[in-house]
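For reference, the structure discussed in these notes is given below.
Worth knowing before you read on, the calculation uses all heavy atoms, side chains too, and leaves out hydrogens, waters and symmetry mates. Counting convention: from 1, in listed order, for ligands and their atoms alike.
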Amino acid sequence: MSIEENKIFLPKTQIPKNWYNVLPDLPEPLGPYLGPDRQPVKVSDLAAIFPKDLIEQEVSSQAIHPIPEPVLEALSIWRPTPLVRARRLEKALGVKSRIYYKDESVSPSGSHKSNTAMAQAYYNQIAGITRLTTETGAGQWGTALAIAAKHFGLDVRVFMVKVSLTQKPYRKVIMNLMGAEVFPSPSELTKAGREALAKDPNTLGTLGLAISEAVEEAVSRPDTNYVLGSVLNHVILHQTVIGQEVQQQLALAGEKPDYLIACHGGGSNFGGLVTPYVPMLKSGEKLVAIAAEPASCPTLTAGKFTYDAGDTAGFTPLMPMYSLGTDFQPPAIHAGGLRYHGASPIVSSLLKSGLIQAQAVSAEDVFKYAKLLAYSEYVIPAPESAHALAVTCLKALELEKEGQSGCLVFTLSGHGLLDLSAYDQPI
Ligand SMILES: *Cc1c(COP(=O)(O)O)cnc(C)c1O
């Protein structure tokens, strides 16, 4: 019989009290966001859709941002999250490497998105905003925001990518239960939506188009702001509680990480895990950070580093990032959260400067290792998280083949219990 510790918990008192801002630590400063005239966007231009505190965080050069008390209290509902040693997965793979996953699936929404949803709802509430609009792909972000809006007393309208709404009807039920309105995108409610429907009534919708709809509505109403669940600098800032907790937990386990791996859709769970390690990555210590993405939507590995818009209609500023182009129509892969043409400017900058790596994985490998995690650890990962898992397993096997081993940490960004259709239709 073998009974061994597999979960590393932190006491509530160890929740990080600050967010870590990587902007001043980037090897090169980020290029400014540009307007349609290709001139830098003024902070006042952003004020139509964002509260002042979030705009300040977006461009901040301050290394540390204290987490406001009401946000800490909200985070403490589920944080700190456990770091889990996946011993049975190691055994199933037959590797000597130590594999850990940071379990962000224990949040109220079942994913890491609640970390920023709570913060953004709070800053909008104290700015006097009463209504939020947003887009959602697979529905995790909409769910996280609906719960956060409930917590801070705000109304929400969610534009959900049509194909995801069909594939994942249950997240709409949760959002509605929390009091949010949910519409399939493209919708008839906005000009961007009506134009897309006129062009192709059968369109599956994209995240870029849903963003256009949500932004269009927020710009047109003073009581309404827009919130984004990924990509932007302030979102990554809010997610740094993940990496800061991992640092404490690995120290408790007497480990130093050799590999940090997270999936990449817009960059927030990757940025949350990895940016607190940027000082270490810059110091030249032995550490490899890998962003895992789908081979069918290979933004970081096949996209171009360029100035591009975050949405289809071009409402958002142009941002310096890796992009497949705003017209890129990703196939209807199950990992809806990874169907995005662009990437976070922070992650793009880290990749361009060579501090991190990116790796694309096939859908076959993603589901192969998702099933292995289910069989070995009895955990069903979100299809997005399964990309990080697959890259982790492939790396552990590669090390084994070379007669080596290491400490690999990946983010389980969410659970797959509302994505079961993906497991019911094997590739
Ligand atoms: C949204 C989402 C992602 C992708 O978004 P990032 O901003 O790249 O983290 C990954 N995993 C889950 C579970 C998600 O909900």
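Heavy-atom contacts of C263 reach the following atoms of ligand 1: 10 (C), 11 (N) (cutoff under 4.0 Å). Contact atoms of ligand 1 toward E384: 10 (C), 11 (N), 12 (C) (distance under 4.0 Å to a heavy atom of the residue).
Between F50 and Y226, the two ring planes are tilted [angle within 30° to 60°]. The aromatic rings of H238 and Y123 lie parallel to each other, their planes meeting at an angle below 30°, with 60° marking the opposite boundary. Between H264 and F270, the two ring planes are perpendicular [angle over 60°; tilted spans 30° to 60°]. Note on ring orientation: taking the six-membered ring where Trp is involved, the planes of Y423 and F367 are perpendicular (angle over 60°, cut-offs 30° and 60°).
For the pair R131 and E217, the salt-bridge criterion is met [side-chain N within less than 4.0 Å of a carboxylate O].
S230 OG, 2.5 Å is the protein heavy atom nearest to atom 7 (O) of ligand 1. The closest protein non-hydrogen atom to atom 8 (O) of ligand 1 is G265 N, 2.6 Å. Atom 12 (C) of ligand 1 has S413 OG, 3.4 Å as its closest protein atom, hydrogens excluded (heavy atom only). Nearest protein neighbour of atom 4 (C) of ligand 1, counting heavy atoms only, is G337 O, 3.5 Å.
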### Message
salt bridge (charged side-chain N to carboxylate O under 4.0 Å, His left out), that's the test. Do R79 and E104 meet it? Break it down for me.
### Response
CA-CA 9 Å; R79 305 205 72 85; E104 290 297 308; 2.8 Å; yes

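An N or O contact shorter than 3.5 Å links G266 to ligand 1 by distance. Considering backbone and side-chain N/O atoms, H112 comes within less than 3.5 Å of an N/O atom of ligand 1. On a distance-only criterion, N269 and ligand 1 share at least one N/O pair closer than 3.5 Å. The shortest N or O to N or O distance between G414 and ligand 1 is not below 3.5 Å.
If you look at E104 next to ligand 1, there are no close heavy atoms at all, none under 4.0 Å.
If you check each of K113, H387, H264, H415 against atom 15 (O) of ligand 1, the one with the closest non-hydrogen atom is K113.
Proximity of L389 to C393: side-chain heavy atoms (C-beta onward) are separated by under 4.5 Å at one or more points. Contact of the T116 side chain with the W141 side chain is registered, since non-hydrogen atoms from C-beta on lie closer than 4.5 Å.
Using a non-hydrogen distance threshold of 4.0 Å, Q239 does not register as a contact of ligand 1.
Here the closest heavy-atom approach between residue Y378 and residue R88 is recorded as OH-NH2, 2.9 Å.
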